[in-house]
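Encoded as structure tokens, the structure appears first; notes follow it.
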Amino acid sequence: MDSVLELRAIRKSFAGFAALDGADFTLRRGEVHALLGENGAGKSSLMNVAAGLYAPDGGRILIGGREQRLGGPREATAQGIGMVHQHFHLVKPFTVAENILLANPRGRFSRGIETIEREIAFCTNMLGFVVDPHRRLDSLSVAEQQRVEIVKVLLGGATIIILDEPTAVLTDEEADGLLTTMRRLAAQGTAVVLVTHKLREVTRYADRVTIMRGGRHVAACDPKTMSTAQLTELTVGVALPSPVREKTARGELRLIVAGLRVEHETGRTALDGVGFQVRAGEIYGIAGVSGNGQSELVGALTGTTAVAAGDIWMSGAGHIADRPPAIRRSGGLAAIPADRYAQALAGGLSITDNYAVAGVMAGRYGPWGWLDRKAMAKAAAAAVRAFDVQGVRGLKQRAGLLSGGNAQKLVLARELAGDPVLIVAHGPSRGLDARACAAVHERLLAARARGNAVVLVSDDLDEVIGLADRIGVMSRGRIVAEFDAPADRQAIGRAMVDHG
Amino acid sequence: MAICEFIVNWAGGVPATALPYALAALGLIVSERAGVLNLTAEGLLLVGALAGIGASLAIADRPWVALPAAVLAAMAVGLLFAGLVVLLRVNQVIAGLAVVFFCQGLTSLLGTLAEWQNHPISGLGKLIVWPLSELPAGTHALFQQDGLVYALLPIFYGVHRVLFKSMTGLRLRAVGEAPEAADSAGLGVTRYRVLAVVAGSALIGLAGGYLAVGGTKMWFGGMTGGRGWIAVALVIFARWRPWRALFGALLFGCIESMVPRIAAAGISVPQYFILMTPYLVTIAVMVWAGRGKGGADLDEPGALGRPHVREERR
């Protein structure tokens, strides 16, 4: 028995949604242990419980064989558990040494800086990379900042180090460098947890792997004894029966995207030559691991992200790559954004206002400054009934008070009103329960049957396979493969994770 | 010769006029480095001034009574402001403005009720430092300064040391730049912010006390005349750095102490034009400081004006 950390039957819910549903995890001394799963499988939540950030609703935490109750990150640190988050907890205008000193005090300031610089040199020497302690943090690359985080955690005395999706922000070379370092660290006795959804890293670097799905662990094994296909199947699960999708006649072209490029401020290329076409009465699904350019693609289509190069043509609106969102919307674009409370609804305004705003823009409720409030309320009431938006005490209720599923239904009611030329939906059922999810899918299929063109971007592979007529798989800002329905789930899964 | 005398007199007046700006700006820097946007300076100056005069009239007409009274009174108001914005997370701009208006009303009321208005006090005397007073005739105006003027450099040096060369300062700045990082490093963000606001308020109170006890030597309502607002602008001009704030304060001291001397020299410039020049300069300075891309390179503390709420789930 040399398990240093054991999590047993951990449960944790957020606003009624069970993120962890009896998850188990065992970590041994001196191993690199991968925690594999799709987005929303509960990997990060489980590790946040281990790091003391989330208080679990149920279950037991054993550290070094003794049951512990972690009241906060400091207590986890005291137990030797350190976590490197996806978003670094570092102070940008401080130097490397100051950042590390802040988390690991070493007496008086000037003496402390000297001590910590010596310790940094020792630690980085052991890990096999170089960090200049005098550099300001904001002059470092992301990979270098990550090293600072790792050194910070190790100098805090961590014997268990948890890395949450550490390679998501790294290039391949940097990722290989990091993971090699982690192997070296494990060889010296530290236990390393690698949270990831990349199979390649698991098979190449991990001693053991725990696979999670739907908030539980589904398997724990040695990845070297498993085939990629087996791992994929364990990760994405067996396909559920698809929703009923009737055959429709595909109509004329509604959207042509060609050679689309989007660049980040940092110079990183987010979209690199994306091209596809969507016809009327068709759902074009975009599958992929999140963070591979999906958000940027949705932004480019809806007009919230600047396009560096390439063309977007939409029937009814023409070439819109550099036109503002208002032009696109008046040309018949409907958008169902990923973050419904931040991007789709104004939480502080009433349900009526949120529903009617699209019609106000189109002048449906009278001229500017002379709105027919009665007509707005009537239309909103009809929409609330038609789309079964529940939890509405009155139409003057703030939209921000609606639960996720009902908020999404309100968004759908507004966006699908009229006859949109093109619907762009991003993760439309994310965070919704099964019934709300089914309602959303039904509405999207109805729009398809009505002859609307739909672009469906989703991290949920089941959703894409169930709804889409054609599926493009995105990886690293490109569409790397295209499949026609009925698509082979395993083939899509492979295309998603194979960066090769 | 007349020109020479004019310049000596003018330069001699600069430190005394610059001192309130310098101390107030320094106090604001301490608070804002911890991430609390602080607009209360005008109100705290008034509170400090009234407390200084009040202590002189009611207890003893001594600067070592008046100035601590000014500091303590301002700290009390600062604690109130810190409670509002740090503990209750009230919008920092609105709370700051509210505190200023509250202090304006309160000081006018108390000053009238206690009948402290227009009662002159002897206040802070000039300190003659020996070797300097032996310098050639004609330069006396330069070296007849209040004791607090000589204390200004040690105060600035001390605050600079604490902010940039101590663990306390490192933590205070971390709280102002990245409260999430400070929190995960185990620091009490709330505690540091309250302490920074109160400590900053003490400096602003000292500035207010000096205005009354060392400057006007009497109380009248609204006597600070907008100096607190100029201090707010100075902080931005100084990019939240103490020594730059001192430089900026001297700049404003030069302009302000020029105003009465131009009038005295009989140069006919419209009086109101001269009175508005400090504010004109303030606007110019703000435009200059704000040039470039949207304040990104202003060195503004990363979490300035943003209350810290511990995240449960992103």
Side-chain angles (χ1 to χ4, degrees), chain A residues 12-15 17 19-20 44-45 48-49 51-55 71-78 82-95 97-113 116 136-138 145 148-149 152-153 155-156 164 265 339 431, chain B residues 29 32-35 91 157-193 196 238-242 244 293-304 306 308-314:
Chain A
K12 175 75 183 171
S13 302
F14 296 100
F17 173 74
L20 292 174
S44 293
S45 297
N48 279 328
V49 167
L53 276 171
Y54 295 168
R74 282 167 92 175
E75 285 168 41
T77 308
M83 184 158 173
V84 176
H85 297 268
Q86 267 179 292
H87 304 277
F88 304 142
H89 288 170
L90 296 168
V91 185
K92 290 222 173 72
F94 284 13
T95 65
E98 284 172 337
N99 261 293
I100 293 174
L101 185 65
L102 185 70
N104 306 296
R106 297 283 189 268
R108 292 170 60 89
F109 179 76
S110 51
R111 190 92 49 79
I113 286 279
I116 215 78
R136 258 174 69 125
L137 203 86
D138 46 13
Q145 293 185 21
V148 175
E149 274 280 19
K152 185 177 99 179
V153 166
L155 290 187
D164 190 6
E265 288 166 38
D339 189 341
Chain B
I29 288 174
E32 298 198 355
R33 278 282 184 175
N91 180 304
Y157 181 71
V159 172
H160 175 82
R161 288 288 302 187
V162 169
L163 274 181
F164 298 101
K165 303 283 176 207
S166 80
M167 285 307 287
T168 309
L170 186 73
R171 291 177 176 141
L172 186 143
R173 287 184 292 128
V175 162
E177 291 288 349
E180 296 78 21
D183 198 7
S184 76
L187 305 182
V189 174
T190 305
R191 197 173 46 134
Y192 270 92
R193 287 192 165 170
R239 300 186 172 194
W240 291 268
R241 288 184 199 147
R244 284 192 195 211
K293 43 182 179 185
D297 50 352
L298 273 183
D299 302 338
E300 182 178 295
L304 186 63
R306 183 157 56 85
H308 176 59
V309 189
R310 193 177 272 183
E311 60 193 298
E312 168 69 322
R313 187 187 166 105
R314 276 186 287 274

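Naming convention: chains lettered A, B, ... in sequence-line order (proteins, then strands); numbering from 1 in each chain.
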*What part of A:L101 lies closer than 4.5 angstrom to a heavy atom of chain B: side chain, backbone, both or neither?*
both

*Would you say A:M83 and B:S184 make side-chain contact, with heavy atoms under 4.5 Å?*
no

*If you round to the nearest 0.5 Å, how far is CG of A:L90 from CD of B:E177?*
12.5 Å

*For chain A, which of B:P301, B:G169, B:A174 has the most heavy-atom pairs under 4.5 Å?*
B:A174

*In Å, rounded to the nearest 0.5 Å, how long is the span from CD of A:E98 to CE of B:M167?*
9.5 Å

_So which residue, A:L102, A:N99, A:V91, ends up with the most heavy-atom pairs under 4.5 Å with chain B?_
A:L102

*To the nearest 0.5 Å, what is the distance between CZ (A:R74) and CG (B:D183)?*
9.0 Å

_Please rank A:P93, A:P73, A:A103 by heavy-atom pairs under 4.5 Å with chain B and give me the top one._
A:P93

*Given the rule in the side chain to side chain contact (heavy atoms under 4.5 Å, CB included) test, do B:E180 and A:H87 qualify, once you have shown the distances and angles that lead to the verdict?*
CA-CA 10 Å; B:E180 296 78 21; A:H87 304 277; over 6 Å; no

*Closest approach of A:F109 to B:F164 (non-hydrogen atoms, all atoms of both residues)*: CE2-O, 3.6 Å

